[in-house]
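Note that the numbering runs from 1 along the sequence shown for the chain.
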Amino acid sequence: MEHKHKYDANGKQLCCTLEEKINHKTDKQTGCCSTHEETPHTDDDGHDHSGTNQSTFQLFLPAIISLALLLIAIGFDNYFTQNWFTGWVRIGWYMVAYIPVGFPVLKEAFESVRKGEIFSEFLLMGIATVGAFAIGEFPEGVAVMLFYAIGEIFQTLAVQRAKSNIKLLLDQRPDEAIVIKEKIAVSKKASEITIGEIIQLKPGEKLALDGKLLSDNATFNTAALTGESKPDTKAKGETVLAGMINLNTVVQVEVTTAYTDSKLSKILQMVQDATAKKAPTELFIRKFAKIYTPIVVFMAIAICALPMLFVDNYVFRDWLYRALVFLVISCPCALVISIPLGYFGGIGAASKNGILFKGSSFLDIMASIQVVVMDKTGTLTKGVFKVQKVVAVDITESELVKFVAALETKSTHPVGTAIIEHAKGTEKNVTVTDVEEIAGHGLKGKVDGKEILAGNVKLMKKYNISYDAEIDNTPFTIIVIAINQKYAGYFLIADEIKEDAKEAIQSLHKINVKTVMLSGDKQAVVNAVAKELNIDLAHGDLLPEHKVEKVEELKIQNLKIAFVGDGVNDAPVVALADAGIAMGGLGSDATIETADIVIQNDQPYKIFTAINIGKKTKQIVWQNIGLAFTVKAIVLVLGAGGLATMWEAVFADVGVALLAILNAVRIQRMKF
């Protein structure tokens with residue numbers, strides 16, 4: 001069939017859109033876009049999952065037809081004997097029952113051989129069932145292929161379920177948006193909207209592109225992006241992202257990023273790429289299957305042929321039957337499908353919880369993490385100055401806050417901003433004059449006629465004003481206040497610790513993961529945060545190269561290390577760690593590019609969740625490996641000895657595969 005590829009202006013073949021990749025609408029030769037639909041879409045394990053776009057009934061219809069014909073035939077053979085049901089009529093009936101489920105498999109076997117992949121599971125099943133027909137075991141030949149086909153359908157449904165989280169994200173990107181042009185609302189394709197245009201968003205609508213909020217405030221549901229169900233309120237000028245759902249009032253957003261460059265597009269691409277990056281266990285099983293399958297084919301031939309030389313009463317039919325049973329049992333589909341599906345499920349479960357893994361290999365790494373090294377600002381703290389405490393001396397607290405906030409309106413320092421926010425508008429309608437900024441010290445000015453000094457202790461010493469001596473021992477930022485040359489109190493300002501930071505550290509300790517904090521802040525500040533959160537080890541006053549040295553010291557001890565930071569400033573440490581985790585990935589394009597794992601909603605507790613998902617995924621994968629090898633080994637021995645029939649072989653192959661698949665998809669139902 002002719003493939004209709006897509007080309008750019010220079011004649012270069014284009015690769016697929018993300019939607020096409022997820023639905024496997026790709027040319028198998030080039031990996032690029034193709035519009036043909038007749039050819040089955042197969043994953044790299046060789047399994048046909050084209051049925052993911054069909055209804056469940058359509059998927060099961062061939063199996064239902066075969067099952068009905070098989071049951072009728074067994075009835076005629078054993079319970080309702082018919083004189084006409086003999087000879088070629090009987091053979092023809094069983095062949096008709098075989099075709100709906102057998103033909104697709106035989107076709108896949110032919111395609112595999114044509115491509116040079118001789119020892120595929122399709123060929124094994126084809127040989128075994130055709131061989132069963134050759135020796136007159138028609139019911140067993142149909143039954144083996146029927147149950148194999150049912151197993152394939154369940155695999156298809158399992159893969160479909162595993163992909164649902166990614167497809168859910170795709171659904172968060174509206175195709176169209178309302179653009180305001182010259183005060184007129186016009187519907188426009190999202191992909192055609194340019195930077196700088198104004199989008200109008202009604203309550204309940206999803207934002208199509210990243211932008212800046214122009215309205216005073218708005219509340220958004222960000223669950224599709226962050227996994228966080230709590231609504232997020234944004235103020236004028238703040239960034240809003242594609243996929244967010246407007247909850248309350250009509251708002252306007254100025255587009256700041258092209259459709260294809262939005263955070264959601266990058267996240268989708270990252271999750272899709274993750275499925276192509278295999279874990280070591282997964283890679284090993286694939287290599288193992290390629291060696292294992294031809295070995296069992298030759299062993300099956302040996303089981304049939306070698307006894308001819310050693311057994312006196314050798315009966316070809318009996319030994320051929322044993323060899324066919326051996327072939328059915330040996331099919332590696334339980335391993336080849338369930339293990340990748342387990343990792344795919346782990347990535348899907350993580351995405352559902354707002355954690356993006358860049359490959360299944362990082363699930364394995366997170367499962368074995370022994371030390372979590374964290375940056376302080378932006379990881380354990382919010383990275384925003386906030387007034388933690390106000391002490392007023394010989395003046396009311398409200399008056400002190402009003403006077404100082406009024407003075408700080410003349411400053412652009414982040415500390416001043418924190419005081420103004422704490423004042424909540426009480427500084428308005430206050431007269432401020434003669435403001436002087438004293439570099440490295442603070443501010444001086446008149447507020448309602450009173451001389452106000454607001455700054456550090458050096459400012460107080462400069463004007464010979466005595467103050468509370470305990471202030472000198474406080475590790476956090478202190479703004480000391482004097483009114484009319486007399487000490488009037490102070491503001492304690494600190495970076496606020498995130499609400500779930502303490503719970504995150506406690507949870508990590510429960511699973512015997514050591515915690516280390518590295519920060520460029522003063523050692524006294526770092527010690528105070530570490531003490532409050534019960535962090536095992538904390539180092540302050542560090543430059544980026546010093547952080548690298550500290551991580552190298554841990555690496556020398558052969559410890560598995562995860563580093564959690566912003567993924568940009570700490571890039572050297574991220575590269576050095578076994579797993580680099582970025583907090584607040586939605587806020588930084590560079591973070592998505594740099595880190596191995598992105599925690600979208602900024603919550604430290606998600607570090608523990610990521611480790612937990614990694615452990616559960618690895619546990620399920622090894623359960624499947626153990627189950628498959630144990631059952632197959634037992635039935636292989638029984639089959640070679642003539643003690644197992646085709647029915648036991650079916651259980652060993654399809655039954656174990658179904659059990660492994662059900663176990664693999666279990667992770668997507670777990671709550672983390």
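Between Trp93 and Tyr98, the distance separating the two ring centers is not shorter than 6.0 angstrom. A distance below 6.0 Å separates the ring centres of Phe133 and Phe138.
A donor-acceptor pair is defined here as one N or O able to donate and one able to accept, closer than 3.5 Å; no such pair exists between the side chain of Asn663 and the backbone of Leu659. Between the side chain of Thr129 and the backbone N or O of Gly126, at least one donor-acceptor pair lies under 3.5 Å. The main-chain N or O of Ala97 is found under 3.5 Å from a side-chain atom of Ser66 such that the two form a donor-acceptor pair. The closest donor-acceptor contact from the side chain of Arg322 to the backbone of Ile303 lies at 3.5 Å or more, if one exists at all. Checked by atom type and distance alone, the side chain of Asp364 never pairs as donor or acceptor with a backbone atom of Ser360 at under 3.5 Å.
At a threshold of 4.5 Å between non-hydrogen side-chain atoms, the residues Glu176 and Glu192 do not count as touching. Considering only heavy atoms from C-beta on, Ile581 stays 4.5 Å or farther from Asp596 through its side chain. For the pair Arg666/Ile620, a side-chain contact is recorded, criterion being any heavy-atom separation below 4.5 Å from C-beta on. The closest side-chain heavy-atom distance from Leu241 to Leu207 is not below 4.5 Å. A 4.5 Å side-chain heavy-atom check between Met670 and Lys616 finds at least one atom pair inside the cut-off. In this structure, the side chains of Ile625 and Trp622 come closer than 4.5 Å at one or more pairs of heavy atoms. The shortest side-chain heavy-atom distance between Phe316 and Tyr314 falls under the 4.5 Å cut-off.
In this structure, the separation between CZ on Phe326 and CG on Leu320 is 14.0 Å, given to the nearest 0.5 Å. How far OG1 of Thr617 is from CG of Leu363: 5.0 Å, rounded to the nearest 0.5 Å. We find the CD1-CG distance between Ile607 and Asn612 to be 13.5 Å, quoted to the nearest 0.5 Å. With rounding to the nearest 0.5 Å, the separation of OH in Tyr343 from CD1 in Ile667 is 10.5 Å. Distance check, rounded to the nearest 0.5 Å: CD1 of Ile150 to CG of Leu59 gives 12.5 Å. Taken to the nearest 0.5 Å, the OG1 atom of Thr86 stands 12.5 Å off from the CZ atom of Phe76.
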Inset, instruction - Could you walk me through whether Ile355 and Val598 pass the side chain to side chain contact (heavy atoms under 4.5 Å, CB included) test, one step at a time? - result: CA-CA 6 Å; Ile355 305 165; Val598 180; over 6 Å; no
Inset, instruction - Please test Thr609 against Lys606 for side chain to side chain contact (heavy atoms under 4.5 Å, CB included), starting from the C-alpha separation and ending with a verdict. - result: CA-CA 5 Å; Thr609 304; Lys606 296 293 185 182; 4.2 Å; yes
Legend entry - Check against side chain to side chain contact (heavy atoms under 4.5 Å, CB included), Met145 and Glu140: CA-CA 9 Å; Met145 192 58 82; Glu140 292 186 0; over 6 Å; no
Inset, instruction - For Asp77 and Tyr94, run side chain to side chain contact (heavy atoms under 4.5 Å, CB included): C-alpha distance rounded to whole Å, both residues' side-chain angles, the deciding distance at 0.1 Å, then the answer. - result: CA-CA 11 Å; Asp77 273 342; Tyr94 277 112; 2.5 Å; yes
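By the neighbour-count criterion of 12 heavy atoms within 6.0 Å, atom CZ of Phe103 is sparsely surrounded, having that number or fewer from other residues, nucleotides or ligands. Residue Trp84 places its CH2 atom among more than 12 non-hydrogen atoms of other residues, nucleotides or ligands, all under 6.0 Å distant.
Scanning both residues, Ile65 and Pro100, for their nearest heavy atoms gives CG2-CG, 4.2 Å. Between Ala349 and Asn353, the shortest heavy-atom distance links the atoms O-ND2, 2.8 Å. Between Ser351 and Leu356, the shortest heavy-atom contact is OG-CD2, 3.8 Å. Residue Met366 comes nearest to Phe357 through the heavy atom pair CG-CE2, 3.7 Å, listed as atom of the first residue, atom of the second, then distance. For Asp578 against Ile365, the heavy-atom pair with the smallest separation is O-CD1, 3.7 Å. In terms of heavy atoms, Ile613 sits closest to Ala350 at CD1-CA, 3.7 Å.
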